[in-house]
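All remarks here apply to the structure that follows.
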Amino acid sequence: MSKHLPTKFGEYGGMYVPELLIPALDQLEQAFMDAQQDESFQQEFIGLLKDYAGRPTPLTKTRNLVSNPKVTLYLKREDLLHGGAHKTNQVLGQALLTKRMGKTEVIAETGAGQHGVATALACALLGLKARIYMGAKDVERQAPNVFRMRLMGAEVIPVNAGSGTLKDAVNEALRDWSASYDKAHYLLGTAAGPHPFPTIVREFHRMIGEETKQQILEKEGRLPDAVVACVGGGSNAIGMFADFIDEPSVQLIGVEPAGKGLHTHEHGAAIAKGTKGILHGAYSYIMQTQDGQIEESYSVSAGLDYPAVGPQHAYLHDIGRATYESVTDEEALNAFQLLARKEGIIPALESSHALAHALNMADGAEEQMLIVVNLSGRGDKDLTHVHQILNGETQRG
Amino acid sequence: MDRYQAMFERLRESGQGAFVPFVMIGDPSLEDSLEIIEALITGGADALELGIPFSDPIADGPTIQKAAIRALDNQVRPRDCFALLTRVRDRHPDIPIGLLLYSNLVLSPGIDKFYRQAAKAGVDSILVADVPIRESAPFRQAARDHGMHQILIAPPNASEQTMASIGEFSSGYTYLLGRAGVTGTETAASMPAGELIDRLKAVGAAPPILGFGISKPEQVKSAIQAGAAGAIAGSATVKIIEQHLHDKPMMLTRLAEFVAGMKSATVYS
């Protein structure tokens, strides 16, 4: 057996799963390490990203959004990627790994349905059989994405257990995997979960930051002062941060969902308000009761509605390399509308959180400031929901 | 003497294997749990495996998930579970008692404090379902510090390296998985487990007790014949509780009958 990858980020991460899943995780780690060294794998991955998914995505300078003349704000346009969000990047990578391991089936979880849609499209393309667990409540809330997944041949399995949302879908996917690991790969959708998922997901998203760096140097001749990304589990943020971690002049800012406010119980800010613990195989910041029972998170944006955060974010927070802020539903909804009106771009509600925080930074800036926001997804999936909220037809969420 | 060791010696002398039922503490209520445990012991349970309810039990199938939900809906907390364990221990000084639970419940008060509380309540062993051997060092240390056993799982797909670690670190007993997947009687244990049992014996592991998918006396019998030191039935036991939620006398009768039937199959033939 060759060398292993580090399983932890400081004290965070690890492999807190039943013994039964350890061989499957070891097999995945080995396949990933081999693939990273394998020229033909890399060529196939890069080829799919370019010719199928549409990479590189543009870096767009906003024209009208920011009123403070000292501030220049760019958007990394992951919303233009096939599938409508950054999710497609790493799903293509893991789908190729699935084939490399000789597995024919894919299990996935999804909250809003974006990871499910990305999984469904990659499996359709690569001839894999996909079954996607989705909380029963989310199946109702996200009907168009359920239809998209089914249209592309995936089986969508509603999960009634627990709260019927993302965390329960992850539980059910892990349960499935513990019986099916011989044939099936668990294609986890964010930079959380047991090792090696946080590392694999980061590496398969790191082109977001690499492209951004190259593009901003071409356009501005310098690195940005800050890169800003929303954080649920934290996949788009870690993809944006990865190539900037060793650039100390660049502030890394993650934005968690404050929901109805951090003073309420209805939020999903695991770093701001959570405590250390284990959920879904990783030690990190999680939302829990004083006894260690996992609490339910809340956000207007289903993609950020998760009661934990990826372990590398917990580590970057603790060592002070990245800063984690939070934005309420209301601020995110304002940013959502503002970007539509000022720039003609409808962002995902998830990405609207990052944008809202960048706009707060811009308002307060007294010196020259160059900011890049990772516009991780487009807002088509949110239109009905936002329409209802703006018409006052629904309580948020 | 160590309670597991005493049990295995007593059983060996009388030509029997162990039957170990599992139930969730606080399912459906704490008071009921006390009576349920009495029924299990009356039926002939050699040892007890008891769960503390957790919100996200990833190694459990629907039956045990529902048991946890029933207990959590009744606001059952870990400290209530320890209080109940203390009462069981007072009544039954000799029966081995194992806890089966998830890591975040242990981490919440801190590993050392949790193990101290468990030891004080008379617990003999702790199995943390989502702590594999490679993450188990601090848990094993705490178990040693407080005079308990950390129970390790031997899965059917165990690598040589895992087997070697089980040989080195297992104590009390080894929880032998009869099959892949999660707990539940929907899929029966795949028999015989003989090959895995031989591998465990070769590495000098603690006595193997077979669990996962065990619901019938015939399965207990073939586990014992294959060389297991006993069998555990969780979901099958919990299912009896679930089926008689509104008729407690019947629930207790059926539980005692079930355990007696399973226990009778542990006699070497």
Side-chain angles (χ1 to χ4, degrees), chain A residues 1 4 7-8 11 13-27 159-163 166-184 193-195 275-284 286-296 307-308, chain B residues 52-62 65-66 68-69 72 75-81 101-110 114 127-136 139 152-162 165-166 175 177 179-184 186-187 212-213:
Chain A
M1 189 92 156
H4 286 274
T7 64
K8 293 189 180 170
E11 62 179 317
M15 306 174 84
Y16 296 93
V17 294
E19 195 72 57
L20 199 52
L21 285 175
I22 292 292
L25 293 169
D26 283 348
Q27 178 193 24
V159 177
N160 283 298
S163 53
L166 178 59
K167 115 183 144 66
D168 307 289
V170 176
N171 291 340
E172 212 51 42
L174 285 166
R175 290 178 186 126
D176 179 328
W177 201 31
S178 65
S180 62
Y181 51 79
D182 279 340
K183 277 191 293 189
H195 173 77
T275 50
K276 296 174 187 182
I278 291 171
L279 178 64
H280 298 146
Y283 184 63
S284 188
I286 64 177
M287 294 170 57
Q288 57 182 325
T289 68
Q290 55 173 325
D291 285 340
Q293 308 291 354
I294 309 305
E295 289 187 307
E296 284 173 31
Chain B
I52 295 184
F54 179 55
S55 55
D56 293 77
I58 55 172
D60 284 305
Q65 285 176 48
K66 278 188 252 166
I69 290 168
L72 290 172
Q75 327 296 329
V76 171
R77 303 181 58 181
R79 65 177 185 201
D80 304 320
C81 296
L101 76 173
Y102 288 84
S103 59
N104 202 48
L105 296 177
V106 180
L107 261 56
S108 178
F114 186 93
L127 194 170
V128 190
D130 57 344
V131 172
I133 292 166
R134 68 177 63 168
E135 301 286 3
S136 69
F139 298 85
L152 302 181
I153 287 201
N157 60 355
S159 65
E160 285 307 313
Q161 199 188 343
T162 301
S165 302
I166 292 171
Y175 194 121
L177 288 194
R179 54 161 173 75
V182 293
T183 59
E186 295 81 3
T187 315
F212 269 44

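Note on naming: letters A, B, ... go to the chains in the order of the sequence lines (proteins, then strands), and numbering restarts at 1 for each one.
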query = Of all of B:Ala129, B:Ser108, B:Gly181, which one pairs up most often with chain A through heavy atoms under 4.5 Å apart?
reply = B:Gly181
task = Please answer whether the main-chain N or O of B:Ile133 pairs with a side-chain N or O of A:Glu19 as donor and acceptor at a distance below 3.5 Å.
result = yes
query = How long is the span from the OG atom in B:Ser159 to the CD atom in A:Gln27, to the nearest 0.5 Å?
reply = 13.0 Å
query = By a 4.5 Å heavy-atom criterion (distance strictly below it), what part of A:Leu21 contacts chain B: side chain, backbone, both, or neither?
reply = neither
inquiry  = Please give me the minimum heavy-atom distance between A:Tyr16 and B:Pro132, naming the atom from each residue.
reply    = CA-CD, 4.2 Å
query = What distance separates A:Thr289 OG1 from B:Arg77 CZ, expressed to the nearest 0.5 Å?
reply = 7.5 Å
key: CD-CD1 distance between B:Glu135 and A:Ile22, expressed to the nearest 0.5 angstrom   = 7.5 Å
remark   = Pair count under 4.5 Å, heavy atoms only, with chain A: among B:Pro78, B:Ala59, B:Ser136, highest is B:Pro78
request  = Please flag which part of B:Leu152 lies under 4.5 Å from any non-hydrogen atom of chain A: side chain, backbone, both or neither.
outcome  = neither
inquiry  = Among A:His280, A:Glu172, A:Lys167, which residue has the highest count of heavy-atom pairs closer than 4.5 Å to chain B?
reply    = A:Lys167
query = Considering only heavy atoms, which portion of A:Ile294 lies under 4.5 Å from any heavy atom of chain B: side chain, backbone, both, or neither?
reply = both
request  = Compare every heavy atom of B:Asn104 with every heavy atom of A:Gly277, then report the nearest pair and how far apart it is.
outcome  = CA-OD1, 3.2 Å
message = Tell me which one of B:Ile58, B:Val131, B:Ile153 satisfies side-chain contact (heavy atoms from CB on, under 4.5 Å) with A:Pro18.
response = B:Ile58
query = Is there side-chain contact between A:Asp26 and B:Gln161, with heavy atoms separated by less than 4.5 Å?
reply = no
Top contributor to chain A interface from B:Arg134, B:Lys66, B:Arg79 [non-hydrogen pairs under 4.5 Å] = B:Arg134
inquiry  = Measuring from atom CG of B:Leu107 to atom OH of A:Tyr283, what distance do you get when rounded to the nearest 0.5 angstrom?
reply    = 6.0 Å
Chain B contacts, top residue of A:Asp168, A:Leu174, A:Leu20, A:Asn171 (heavy-atom pairs, under 4.5 Å) = A:Leu20
Short side-chain to backbone donor-acceptor contact, A:Arg175 and B:Pro57, under 3.5 Å = yes
inquiry  = Does any backbone or side-chain atom of A:Gln288 lie under 4.5 Å from a heavy atom of chain B? Answer side chain, backbone, both or neither.
reply    = side chain
ask   = Where on B:Leu105 is there a heavy atom nearer than 4.5 Å to chain A: the side chain, the backbone, both, or neither?
value = both
message = Given heavy-atom pairs under 4.5 angstrom as the criterion, report whether the side chain, backbone, both or neither of B:Thr162 touches chain A.
response = side chain
task = Measure from the side-chain N and O atoms of B:Asp130 to the backbone N and O of A:Gly281, and report whether any donor-acceptor pair falls under 3.5 Å.
result = no
